[in-house]
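Read the structure below first, then the notes.
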Amino acid sequence: MIEFSGDFSEESKRYLLRDSAKSAFIVVFIVSIFFGAIITIVSAILDLWILMLFWIALLVIVATATVSPYVYRVQTLQNMMPKKVVINKDDFFIEAEWETRSMEKSISDVKKIIDTGSCYHIVFNFPKESDIFCQKDSITKGTTEDFERLFGDKIIKKTRKIENR
């Protein structure tokens with residue numbers, strides 16, 4: 001059994017917020033392009049180019065969705081940071097507990113695991129809301145070596161480029 005519990009570092013919290021903002025941007029951008037295309041077609045057919053002002057509203061919606069994880073930082077982090085994650089190697093399941101919910105998934109449902117350096121981002125096949133984040137140094141049972149041995153072929157190391165300034 002491998003267990004993670006404890007507080008997240010500021011680096012991990014920044015990663016969680018960036019990931020949430022990126023996901024929100026992608027979803028809202030795709031939906032906005034769809035509605036923008038409809039607005040453009042209707043404007044052209046009806047020759048009412050004033051309708052193109054709705055593009056401004058769509059851009060505002062995209063911007064709002066992208067910054068909302070930062071504006072609502074406490075709520076976003078509360079919904080993304082599990083209090084406890086238990087990986088049971090014998091029964092092949094992962095159990096996570098947040099303040100307001102809990103979840104149990106099969107280990108076979110794991111699509112990939114992103115190693116960010118300070119935490120593991122466990123990505124499941126579907127849906128996105130079920131992703132789990134584990135702070136590496138908050139492991140209370142087992143070791144990171146056990147974790148990496150269990151998920152070895154699914155771990156993707158994500159390194160950040162450091163710029164010289």
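The structure displayed is predicted, hence computed values, not measured ones.
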List the atom of Pro82, the atom of Phe133, and the distance in Å for their closest heavy-atom pair.
-> CG-O, 3.2 Å

Going by heavy atoms in the side chains, are Ser5 and Val85 under 4.5 Å from each other?
-> no

Count the heavy atoms of every other residue, nucleotide or ligand shown that sit under 6.0 Å from CG of Asp7, and state whether that count exceeds 12.
-> no

Could you tell me whether Phe35 atom CZ has more than 12 heavy atoms of other residues or ligands within 6.0 Å of it?
-> no

Is it possible for you to say whether Ile39 and Leu46 belong to one hydrophobic cluster, with membership spreading through side-chain heavy-atom contacts below 4.5 Å?
-> yes

In terms of heavy-atom contacts, does CG of Leu48 have more than 12 from other residues, nucleotides or ligands at under 6.0 Å?
-> yes

Taking all heavy atoms of Asp131 and all of Val123, pick out the closest pair and write down the distance.
-> OD1-CA, 3.7 Å

Which value, rounded to the nearest 0.5 Å, describes the distance between Ile139 atom CD1 and Lys141 atom NZ?
-> 11.5 Å

With sequence neighbours excluded, residues passing side-chain hydrogen bond (donor to acceptor under 3.5 Å, both in side chains) with Lys136 = Asp115

Run the side chain to side chain contact (heavy atoms under 4.5 Å, CB included) check on Met80 and Trp98 step by step: do they pass?
-> CA-CA 8 Å; Met80 294 181 77; Trp98 290 265; 5.5 Å; no

So do the side chains of Tyr15 and Ile114 get within less than 4.5 Å of each other, counting heavy atoms only?
-> yes

Do the side chains of Val31 and Val42 join up, straight or via other hydrophobic residues, at under 4.5 Å, putting them in one cluster?
-> yes

Donor-acceptor under 3.5 Å (Ser12 side chain, Phe8 main chain) | no

Cut-off 3.5 Å, side chains only: do Trp55 and Thr40 have a donor facing an acceptor?
-> yes

Step by step, would you call Glu148 with Tyr120 a side chain to side chain donor-acceptor pair (under 3.5 Å)?
-> CA-CA 10 Å; Glu148 290 180 3; Tyr120 294 114; 2.8 Å; yes

Residue pair His121, Ile113: steps toward the side chain to side chain contact (heavy atoms under 4.5 Å, CB included) verdict | CA-CA 5 Å; His121 175 184; Ile113 298 175; over 6 Å; no

Least distance between heavy atoms, Ser108 atom then Asn125 atom | O-ND2, 4.3 Å

Check the side chains of Ser20 and Thr76 for a donor-acceptor pair under 3.5 angstrom, ignoring hydrogens and angles.
-> no

Check: Thr143 and Asp146 side chains under 4.5 Å, non-hydrogen atoms | yes

Determine, using the 4.5 Å side-chain heavy-atom cutoff (strictly less than), whether Val60 and Met52 are members of one ILVMFWY cluster.
-> no

Return the minimal non-hydrogen interatomic distance between Ile132 and Ala96, and the atom names on each side.
-> CD1-CB, 3.7 Å

To the nearest 0.5 angstrom, please state how far the CD1 atom of Ile122 sits from the CD1 atom of Ile87.
-> 4.5 Å

Distance-only donor-acceptor check, side chains Thr140 and Glu3, under 3.5 Å | yes

Are Arg101 and Glu95 within salt-bridge range, i.e. N to O under 4.0 Å?
-> no

How many angstroms lie between atom OG of Ser138 and atom NZ of Lys83, to the nearest 0.5 angstrom?
-> 12.0 Å

Other hydrophobic cluster members with Met1, side-chain heavy atoms of Ile/Leu/Val/Met/Phe/Trp/Tyr under 4.5 Å, chained?
-> Val86

Does the distance from a Lys or Arg side-chain N to an Asp or Glu carboxylate O, for Arg14 and Glu11, drop under 4.0 Å?
-> no

How long is the span from the OG atom in Ser9 to the CD atom in Gln135, to the nearest 0.5 Å?
-> 4.0 Å

For Ile107 and Lys154, work out which heavy atoms get closest and say how close.
-> O-NZ, 4.2 Å

Rounded distance (nearest 0.5 Å) linking atom OG1 of Thr64 with atom CG of Leu59 | 10.5 Å

Would Val62 and Val27 show up in the same hydrophobic cluster when neighbours are defined by side-chain heavy atoms closer than 4.5 Å?
-> no

Can you tell me how far the CZ atom of Arg73 sits from the NZ atom of Lys13, to the nearest 0.5 Å?
-> 6.0 Å

In chain order, what residues pass the ring-ring contact (aromatic ring centres under 6.0 Å, His included) check against Phe151, with sequence neighbours excluded?
-> Phe147

Return the set of residues passing ring-ring contact (aromatic ring centres under 6.0 Å, His included) with Phe25 (not counting sequence neighbours), or none when no residue passes.
-> Phe29

Taking all atoms of both residues into account, what is the closest heavy-atom pair of Ser43 and Leu51, and its distance?
-> OG-CB, 3.1 Å

Indicate if Phe4 and Phe93 have the same hydrophobic cluster label, given that clusters are the connected sets of ILVMFWY residues with side-chain heavy-atom separations under 4.5 angstrom.
-> no

With clusters built from Ile, Leu, Val, Met, Phe, Trp and Tyr whose side-chain heavy atoms come within less than 4.5 Å, directly or transitively, what are the remaining members of the cluster of Tyr72, listed by chain and number?
-> Val67, Val71

Phe124 six-ring face occupied by Lys105 cation (under 6.0 Å, within 45°) = yes

Can you name the side-chain hydrogen bond (donor to acceptor under 3.5 Å, both in side chains) partners of Glu104, sequence neighbours left out?
-> none

